[in-house]
Amino acid sequence: MEYNFKAIDAKWQQYWMENRTYRVTEDAGKPKYYVLDMFPYPSGAGLHVGHPLGYIAGDIYSRFKRHQGFNVLHPMGYDAYGLPAEQYAIQTGQHPAVTTEQNIRRYRDQLDKIGFSFDWEREIRTCDPGYYKWTQWAFAKMFHSYYCHDRQQARPIAELTGIFGQQGAKGINVACTEELSFTAGEWNAKTEREQQEILLNYRIAYLADTMVNWCPALGTVLANDEVSEGLSVRGGHPVEQKRMRQWSLRVSAYAQRLLDGLDTLDWTDSLKETQRNWIGRSEGAEMEFKVKDSAFRIQIFTTRADTIYGVTFMVLAPESDYATMLVKPEHRAEADAYLEAVKRRTERERMADRRVTGVFTGSYAINPFSGEEVPVWISDYVLAGYGTGAIMAVPAHDSRDYAFAKHFGLPIIPLIEGCDVSEESFDAREGVMTNSGILNGLTVPEAIRRARDYIRENGIGRVKVNYRLRDAIFSRQRYWGEPFPVYYRDGMPYTVDEADLPVELPEVDRFLPAETGEPPLRRAKDWTYKGYPLELCTMPGFAGSSAYYLRYEDPRNGSAPVSPEANGYWRNVDLYIGGTEHATGHLVYSRFWNKFLFDLGVVRDDEPFKKLINQGMIQGRSNFVYRIKGTNRFVSCNLKDRYDTTEIHVDVNIVHNDVLDMEAFKSWSPDYASAEFILEDGRYICGWAVEKMSKSAYNVVNPDMIVEQYGADTLRMYEMFLGPLEQSKPWDTSGIEGVHRFLRKVWNLFVSREGSLDVSDGAPAPQELKSLHRAVKKVTADIENFSFNTAVSAFMICTNELQEQKCNKRRILEPFTVLLSPFAPHLAEELWHALGHDESITGAAYPVASEQYLLESSFTCPVSFNGKTRFTIELPVDMDAETIEATVLATEGARKWMDGKTPKKVIIIPKKIINIVI
RNA sequence: GCCUUGGUGGUGGAAUUGGUAGACACGCGGGACUUAAAAUCCCGUGGGCAGCAAUGUCCGUGCGGGUUCAAGUCCCGCCCGAGGUACCA
């Protein structure tokens, strides 16, 4: 009987649903294992074949772990807040909640057809009030916390106000936006409003002025890619840099812990390195330069204190506070014009256009080492957001300073013996110092240390660690996101009482900003709390996705984000699978968020994701037809050079193995109904290219179509067979037949042509046992190494061998079925029940490879002379090295090659190779 | 520029981490079954040379060197592709 995958898929998907086969509960009697897939944003386009790649891998691993006796938590949900639904809502008036719900239903439908073992009773959606209650709750906790550097921990803000009341801000070592100093008396004398303003400087969730792209005409903040040449892309209205009060999260406070935590994680080195670069720790010195004839001191940060004698000018960031203060009256007009010009450019434009620009302030600073006077300039190559917003410029040893000095004709003093700075700067940190006063004769690393000591001893500055990681801006002027649990009294933010959470997203008449230019929530009726106005912004996308893994552990808990019991059992994620695109965003925010909850005592683990696998992207493989210009004739790919043609994308779904289905093409579009073809070998061959999967390239392949044509198990196995999990690769169906053929072979091993189960209870032959156990060993090792493509090969080899041996023994086929079940659960379940089992195969014990069946009595081994392989010899496995040597040397073959000489050396690697040097 | 990757047949990719390079699959060629097709099964398939043949032999993992009895794998110097990232002082 034929392998009827359609009936099998449908039968068991229904069975799993009705029997709640994949429901899990905490079970202290079993070890736990938590497998998490990055949850999807349910887009209107539905799933394409690239999406399930990671999910299939996660599902195979989950099922594998279940067979091994683990209690596996393998949930799924939806990252439901997002921009596309809101844009769609603005255009059509359709409520984002409605479209999101539709999309989720489509996703669920598609996912169900692939046969995943998700526990759907634990499903979460970030837009559910029951879910975002805890997003708001965490935010409120961050608002009520500060970060104590001494204890390396978030602490309640009340603790800080207590300290302020007793000793003021003196001597505290806490994370803050700006170093403040006040006494206890001064603190106690402040009004409530003043105190609240000061606390924002310390809160982990805080309001602060940040630079944003503001478009007055549209009344909204724009992202960098929505702005071009100072104008909004939509409408062409002017955009300016504006300081705006925005919510931020003090992620930077956790920089060191985020860095240190990486060492404990089982992530790829490349991903850890990406995070290290993102955090960007740099050790250096902060020091002060006095300004000539002024009380000002310019504070700078440098990692190259050793180059201090090469400072020939100073540069201030245009946005820094110093910039306006140090401008002398005679330079005022020029400087103002420059600052105005800079203000009009977005950050993106500044990056794209690397022209050297700047303006002299008229002020001079004094080098604290040499006492020399150097001019102070303003330039936009210095960023206000990093370090102190001011630098000492050493053109000889910094390429950016070099370009600036060359452009404005400033002096360049080389400091390293023998370096050539006539064409470019010498940035390398090596060599011996010269022209450097007290540092002369030292190597660069020595000089860095010596200079730092000098700075400290003479009170010029201090050693400091800087991080590139910036606080996360947390406000969005949008509708479709979590509302903040925040109201304003006397202009100051306060949080909504915990008992009144969640603050539900209100209804609005339209999803656009209000006429006042305020965010869409301004349109909501009665948007107040206790008579006070509520916050109008909503939270960004990463708010809901930062701690979602926790909520799966206890999804319906109404009184805590997760109960101590549930978290105590499930702990953190053992295996997390998702794309690399989240390497710096989601994976940094999640770790930050989790560390904060850890400090609160809500979670037991400091890191959320122990092991992480990045699945590669599946790209599209587009097909082309070639139309002869000015005609409706199409020429096959290999003949196209004989004509003048236009390349046209053709829907990949009407092309099979690059051969065009010409009838389907004619009916694809009315334009081609009368198409004529110039064929090669009677076929029309299409050209192809690898591109991103997109509607416009007509290369989107839906999993549904593959499932329809070949069944879910073929899709699952083929996606794994396509290549290494972590590698990006184009979707190409040309090999899918091979995988499908394999599943049919498996079916035929069990079932006779007439359709009856054809399995015998006889004792298996040694060869059959060997085939099985070799597969068990290989497949198990491959799953553990996430090498699923080679595991599929191992299945094929085993099946070919069993088929060749005409094996129909129950004692072989039964363990084989369990082995196959993670990859092809539908087929495995069908065969398992056919073999007489009543329970789902999900609970079956995983087979164990026994070496006993793998052992051979002898092995063949190549023998080489002077590195050249000459013959192969068969030897017993248990022979010791000495006997092997004697046996080999006694053979006729060896005597022939040695030609009477005695061997200089014999190298024997047991069971592998014998190498004889004559 | 910097960081991270990768480069193996006509194609996707294997190679126990230094031990018979090309597993497995696709494609292609040949054959069996069939009135025929589909399906299925069997054989061949990196390249050159020699041979009727079994087979032998040389060359082959981006390029050039090196270490080693032995290199796709390790070391040095290049070339090319992919991804990430950037006036971060």
Side-chain angles (χ1 to χ4, degrees), chain A residues 2 268-274 276-278 280-282 284-285 300-305 307 315 317 347 350-351 353-354 356 379-383 385-394 397-401 403-404 427 466-470 580-581 583-584 614 616-617 619 657-658 690 718 721-724 726-730 732-739 741-742 744-745 748 753 777-778 781 785 787 789-800 803-804 860-869 872 903-918:
Chain A
E2 283 280 298
T268 60
D269 290 337
S270 68
L271 184 58
K272 286 194 208 178
E273 197 56 29
T274 307
R276 284 196 193 100
N277 291 341
W278 192 258
R281 180 191 154 102
S282 63
I300 61 99
F301 174 78
T302 181
T303 53
R304 294 295 303 272
T307 60
V315 187
E347 211 168 312
R350 256 166 86 165
M351 280 187 247
D353 175 14
R354 296 281 173 88
V356 177
S379 173
D380 65 357
Y381 83 89
V382 173
L383 306 176
Y386 183 78
T388 59
I391 62 154
M392 61 178 217
V394 186
H397 302 290
D398 182 287
S399 55
R400 295 152 301 177
D401 297 345
F404 194 83
D427 291 17
N466 246 318
Y467 299 93
R468 205 187 75 113
L469 183 70
R470 294 189 204 177
T580 345
E581 65 272 21
T584 48
N614 283 127
M617 243 195 355
Q619 296 138 318
N657 294 342
D658 292 337
V690 172
Y718 185 61
F721 186 65
L722 215 47
E726 310 204 1
Q727 191 174 302
S728 285
K729 54 233 158 188
D732 177 1
T733 45
S734 58
I736 201 165
E737 292 286 349
V739 172
R741 203 168 291 150
F742 154 75
R744 269 202 309 258
K745 279 184 196 173
N748 290 330
R753 267 176 212 282
K777 191 178 172 184
K778 176 79 173 132
N785 295 323
S787 176
N789 55 330
T790 51
V792 176
S793 294
F795 277 117
M796 290 174 174
I797 294 168
C798 179
T799 309
N800 287 342
Q803 183 187 277
E804 209 167 301
T860 54
C861 182
V863 181
S864 65
F865 290 85
N866 291 345
K868 305 276 184 191
T869 308
T872 302
K904 280 187 199 149
K905 201 168 160 192
V906 179
I907 297 147
I908 298 169
I909 292 147
K911 296 193 204 173
K912 279 189 179 163
I913 198 155
I914 295 165
N915 216 311
I916 300 171
V917 186
I918 309 165

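Letters go in sequence order (proteins before strands), and every chain restarts at 1. Because only heavy atoms are used, hydrogens play no part in the values below, and waters and symmetry mates are left out as well, while side chains stay in.
- For the P atom pair drawn from B:G62 and B:A71, the interatomic distance equals 15 Å after rounding to whole Å.
- A:Lys777 pairs by the salt bridge (charged side-chain N to carboxylate O under 4.0 Å, His left out) definition with A:Glu851, not counting sequence neighbours.
- The CE atom of A:Met796 sits 8.0 Å away from atom NZ of A:Lys745, with the distance rounded to the nearest 0.5 Å.
- Residue contacts for A:Thr580: at a heavy-atom cut-off of 4.0 Å it reaches no nucleic acid atom on any strand shown.
- At distances below 3.5 Å, not a single donor-acceptor pair connects side-chain atoms of A:Asp398 with backbone N or O atoms of A:Val394.
- With a 4.5 Å cut-off on side-chain heavy atoms, A:Ile391 and A:Tyr381 count as touching.
- Along RNA chain B, the nucleotide nearest A:Phe301 and the nucleotide nearest A:Gln619 are compared for position; the residue whose nucleotide lies closer to the 5' end is A:Gln619.
- Between the CZ atom of A:Arg276 and the P atom of B:A86 there is a distance of 19 Å, given to the nearest Å.
- Out of B:C87, B:C26, B:U85, the shortest distance to the side chain of A:Tyr381 is found at B:C87.
- As rounded to the nearest Å, B:G13 and B:G83 have P atoms that lie 15 Å from one another.
- Of the candidates B:A25, B:C87, B:A39, B:A39 carries the atom nearest the A:Arg744 side chain, counting heavy atoms from C-beta on.
- The CG atom of A:Asn800 sits 11 Å away from the P atom of B:C43 (whole-angstrom rounding).
- In this structure, A:Ser282 OG and A:Asn466 CG are separated by 5.5 Å, a value rounded to the nearest 0.5 Å.
- Straight-line distance between the C1' atoms of B:C49 and B:G84: roughly 49 Å, to the nearest whole Å.
- Glycosidic conformation at B:U17 (O4'-C1'-N9-C4 for purines, O4'-C1'-N1-C2 for pyrimidines): syn, within 90° of 0.
- Between the side chains of A:Ser793 and A:Thr790, no donor N or O sits under 3.5 Å from an acceptor N or O.
- The distance from the NE2 atom of A:His397 to the CZ atom of A:Arg304 is 7.0 Å, given to the nearest 0.5 Å.
- For the P atoms, the distance from B:A25 to B:C74 is 29 Å, rounded to whole Å.
- Rounded to whole angstrom, the span from the CG atom of A:Leu469 across to the P atom of B:A86 amounts to 13 Å.
- Using a 4.0 Å heavy-atom criterion, one finds that A:Asn277 contacts the sugar-phosphate atoms exclusively.
- Here B:G84 presents its C1' atom at 12 Å from CE of A:Met617, a figure rounded to the nearest Å.
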Contacts under 3.5 Å, N or O only, protein and nucleotides 5-14 of chain B:
residue, atom, partner, partner atom, Å
B:G12, O2', A:Leu722, O, 2.8
B:G13, OP1, A:Gln727, NE2, 2.6
B:G13, O3', A:Asn789, ND2, 3.4
B:A14, OP1, A:Asn789, ND2, 3.1

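- In this structure, the side chains of A:Glu726 and A:Thr580 stay at 4.5 Å or more apart for every pair of heavy atoms.
- A:Glu726 places its CD atom 17 Å from the P atom of B:G83, with the value rounded to the nearest Å.
- Contact between the side-chain N/O atoms of A:Arg400 and the OP1/OP2 oxygens of B:A89 is not found at any separation under 4.0 Å.
- From A:Phe742, atom CZ reaches atom CD of A:Gln803 across 11.0 Å, with rounding to the nearest 0.5 Å.
- Out of B:C87, B:C24, B:C3, the shortest distance to the side chain of A:Glu273 is found at B:C3.
- Note on A:Lys745: only backbone sugar-phosphate atoms sit closer than 4.0 angstrom, heavy atoms only; bases stay farther off.
- In this structure, A:Arg741 reaches the B:C26 phosphate: one of its side-chain N or O atoms is under 4.0 Å from OP1 or OP2.
- Separating the C1' atom of B:C59 from that of B:U11 is a span of 23 Å, rounded to the nearest Å.
- Map A:Leu271 and A:Tyr386 each onto its nearest nucleotide of RNA chain B; the residue landing nearer the 5' end is A:Leu271.
- Using atom C1' as the reference point in both B:G72 and B:A21, the two lie 7 Å apart (nearest Å).
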| field | Secondary structure string for RNA chain B (Watson-Crick or G-U under 3.5 angstrom, | for other-strand pairs) | value | (((((((..(((......[....)))((((((.......))))))(((((....)))))..(((((..]....))))))))))))....
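- As a whole-Å value, the separation of A:Asn614 CG from B:U4 P is 16 Å.
- If you run side-chain contact (heavy atoms from CB on, under 4.5 Å) between A:Ser379 and each of A:Val315, A:Asp401, A:Val356, only A:Val315 comes through.
- With its glycosidic angle within 90° of 0, B:G9 adopts the syn conformation.
- Note on A:Gln803: only backbone sugar-phosphate atoms sit closer than 4.0 angstrom, heavy atoms only; bases stay farther off.
- Look at the C1' atom in both B:A14 and B:U61: the space between them is 12 Å, to the nearest Å.
- One can place CE of A:Met796 at 6 Å from P of B:A25, the figure rounded to the nearest angstrom.
- Atom C1' of B:C2 sits at a distance of 24 Å from the matching atom of B:C75, rounded to the whole Å.
- A donor-acceptor contact shorter than 3.5 Å links the side chain of A:Asp732 to the backbone of A:Ser734.
- With rounding to the nearest 0.5 Å, the separation of CZ in A:Arg276 from CG in A:Leu271 is 10.0 Å.
- Among the nucleotides B:C24, B:A89, B:U85, the one closest to the side chain of A:Ile797 is B:C24.
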